[in-house]
K.L.:
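Mind looking over this structure? Questions follow.
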Protein chains: 2
Amino acid sequence: MLSFTEENYLKAIYKINEKTKERASTNAIAEIMQTTAASVTDMMKKLSNKNLITYERYKGSKLSSQGAQIATSLIRKHRLWETFLVEKLSFSWEEVHELAEQLEHINSNKLIERLDEYLDFPKYDPHGDPIPNAEGKFTLREQIKLSQLNIGEEGNLIGVQNHDDQFLEYLNELNIKLGSRITVTKKVLYDKTYNIIVDNEHTVQISEKVANNLMVKKILAL
Amino acid sequence: MLSFTEENYLKAIYKINEKTKERASTNAIAEIMQTTAASVTDMMKKLSNKNLITYERYKGSKLSSQGAQIATSLIRKHRLWETFLVEKLSFSWEEVHELAEQLEHINSNKLIERLDEYLDFPKYDPHGDPIPNAEGKFTLREQIKLSQLNIGEEGNLIGVQNHDDQFLEYLNELNIKLGSRITVTKKVLYDKTYNIIVDNEHTVQISEKVANNLMVKKILAL
DNA sequence: TAATATTTTTAGACTGCTCTAAATTTAGAT
DNA sequence: ATCTAAATTTAGAGCAGTCTAAAAATATTA
């Protein structure tokens, strides 16, 4: 049985590997875990002894297949709980992360499988991120950044790159939600802003930064 | 913010006080917490410093009003989660205790109030125990032991005294559940067994021990 | 490539919770 | 009332996870 803390370290390494594809550096892990490099080194030795990571002095850490399996199951639990909170308890998408950080450590396979069933086996969480199934497999989709759409093209919002509360609240204000149909009407070159129409209802202007954080599935013209 | 462990100690004292009405002895707490008396003494000092209990050397411990409030909110969370697991995720009543022991430590008032609402503000959990409301008030009922019914009298099962998995599974076998209408048809003096009719359907014989663990609300004859 | 900056590890210590063993206090029995 | 048994506390130590400060390894740059 792993401790809460050990599980969080595994998740941190998973997160880093998701982005960089390289071995997670001690400092990078310390940054995520909000602790010191020295503490990380200690924990790396421990996790290495348990065969959950491969660790080489001064070279960083990587999840073993066993460690990756645990990390994936944490992601699964996290995203299923987020889905539960939004779908059943009417939380909004920017509120659920912290709560799911706690709930993901609840230890019961039966519980998580029942929850999955209760939610009707969702494939994506409220932020559009894929939920791995019980075997750890993710259902991937063809997704591109909104900024990659050309003028006149349309897409359905299927996810957000950035999960910041502030960013999500901003989207709420603009009435942009998962599933929204977004049409790009204009790209202003000199200040890199985009004019878009949301759900054929209202026009808004967004920055390039925002356009890079919105993941869409392109709607093909007939 | 209290630790998982501190919270469990408060709950242990609460549990003892529920039964004995006296100060909880160090040994009694150690028994519940599955630890040694020495560890309990250490923790009592700590909780006393935080004003969560009143503790006097060699005299035992009692919850302060603040400590009682925390214990009650743990009971509330525990029983609401049990209700959720049974009502929404189809767990059976003997499975939910261990899971609720974990879930009760999830820290979010908003979550628990939303859960309460989602469950439609239940007053009793799947074992018939009262769920304190957000202010810590319990809704009590007139309840007597099944063994206190006279021959020919009837009652509705509204709770069980003992929460043992084995006992609950035994009740499942006998098809006795919360709400069942139970008629006492015979009390055999020499071996202290009871003959009862469950839901006007089947007759079973139960021991006195079982009859003492079943809490019923007497159905008054017309 | 030598000097410097950065990253990482080691050493040693602290906190929270636990333990065993010994000492102390209280309760029970004669 | 004293002796004994039981309950409780103290003392001292261990483990997990954390820290700071110093040492070692690696990376960068002149």
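Please read all numbers here as calculations on a predicted model, not as lab measurements. Every heavy atom of this structure was used, including side-chain atoms; hydrogens, water molecules and symmetry mates were not. The chains referred to below are lettered A, B, ... by the order of the sequence lines, with proteins before strands, and numbering in each begins at 1.
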K.L.:
Does OP1 or OP2 of C:dT8 have a side-chain N or O of A:Asn27 closer than 4.0 Å?
P.N.:
yes
K.L.:
Without decimals, in angstroms, what is the distance between A:Phe4 CZ and D:dT18 P?
P.N.:
11 Å
K.L.:
Rounded to the Å, how far apart are B:Met43 CE and C:dT18 C1'?
P.N.:
10 Å
K.L.:
Is the phosphate of C:dT18, meaning OP1 or OP2, less than 4.0 Å from a side-chain N or O of B:Tyr9?
P.N.:
yes
K.L.:
Which residues satisfy the side chain to side chain contact (heavy atoms under 4.5 Å, CB included) test with B:Ser65, sequence neighbours excluded?
P.N.:
none
K.L.:
Quickly work out the A:Asp42 CG to C:dG12 P distance and round it to whole Å.
P.N.:
14 Å
K.L.:
With respect to the side chain of B:Tyr58, which nucleotide from D:dT18, C:dT8, C:dT26 is positioned closest?
P.N.:
C:dT26
K.L.:
Mark yes or no for whether A:Asn49, through its side chain, and A:Lys45, through its backbone, hold a donor-acceptor pair below 3.5 Å.
P.N.:
yes
K.L.:
Is A:Lys88 positioned over the aromatic face of A:Tyr118, cation under 6.0 angstrom from the ring centre and no more than 45 degrees off axis?
P.N.:
yes
K.L.:
When the distance from CZ of A:Arg23 to C1' of D:dT26 is rounded to whole Å, what number comes out?
P.N.:
14 Å
K.L.:
Mapping B:Thr41 and A:Ser3 to their closest nucleotides on DNA chain D, which lands nearer the 5' end?
P.N.:
B:Thr41
K.L.:
Tell me: CD of B:Glu56 to P of D:dT8, nearest whole Å?
P.N.:
13 Å
K.L.:
Distance to the ring centre below 6.0 angstrom and angle to the axis at most 45 degrees; does that hold for A:Arg141 and A:Tyr124?
P.N.:
yes
K.L.:
Using whole Å, report how far NZ of B:Lys59 lies from C1' of C:dT25.
P.N.:
10 Å
K.L.:
Under the 3.5 angstrom rule, does the side chain of B:Gln102 hit a backbone N or O of B:Leu99 as a donor-acceptor pair?
P.N.:
no
K.L.:
Would you say that more than 12 heavy atoms from the other residues, nucleotides or ligands in this model lie under 6.0 Å from the CD of B:Glu18, or not?
P.N.:
yes
K.L.:
Does a side-chain N or O of B:Lys45 approach OP1 or OP2 of D:dT9 to a distance below 4.0 Å, or not?
P.N.:
no
K.L.:
Rounded to whole angstroms, how far apart are CE on B:Met1 and C1' on C:dG16?
P.N.:
16 Å
K.L.:
What residues in residues 29-40 of chain B put a non-hydrogen atom under 4.0 Å from any atom of DNA chain D?
P.N.:
B:Ala37, B:Ala38
K.L.:
Tell me whether the OP1 or OP2 atom of C:dT10 has a side-chain N or O from A:Arg57 closer than 4.0 Å.
P.N.:
yes
K.L.:
Tell me whether B:Arg114 contacts the main-chain N or O of A:Ser90 through its side chain, where contact means a donor paired with an acceptor under 3.5 Å.
P.N.:
yes
K.L.:
Whole angstrom is fine here: how far is it from CD in A:Glu7 over to P in D:dA16?
P.N.:
16 Å
K.L.:
Is A:Tyr55 close enough to C:dT8 that one of its side-chain N or O atoms is under 4.0 Å from OP1 or OP2 there?
P.N.:
no
K.L.:
Establish, with yes or no, whether the OP1 or OP2 oxygen of D:dA7 is under 4.0 angstrom from a side-chain nitrogen or oxygen of B:Ser25.
P.N.:
no
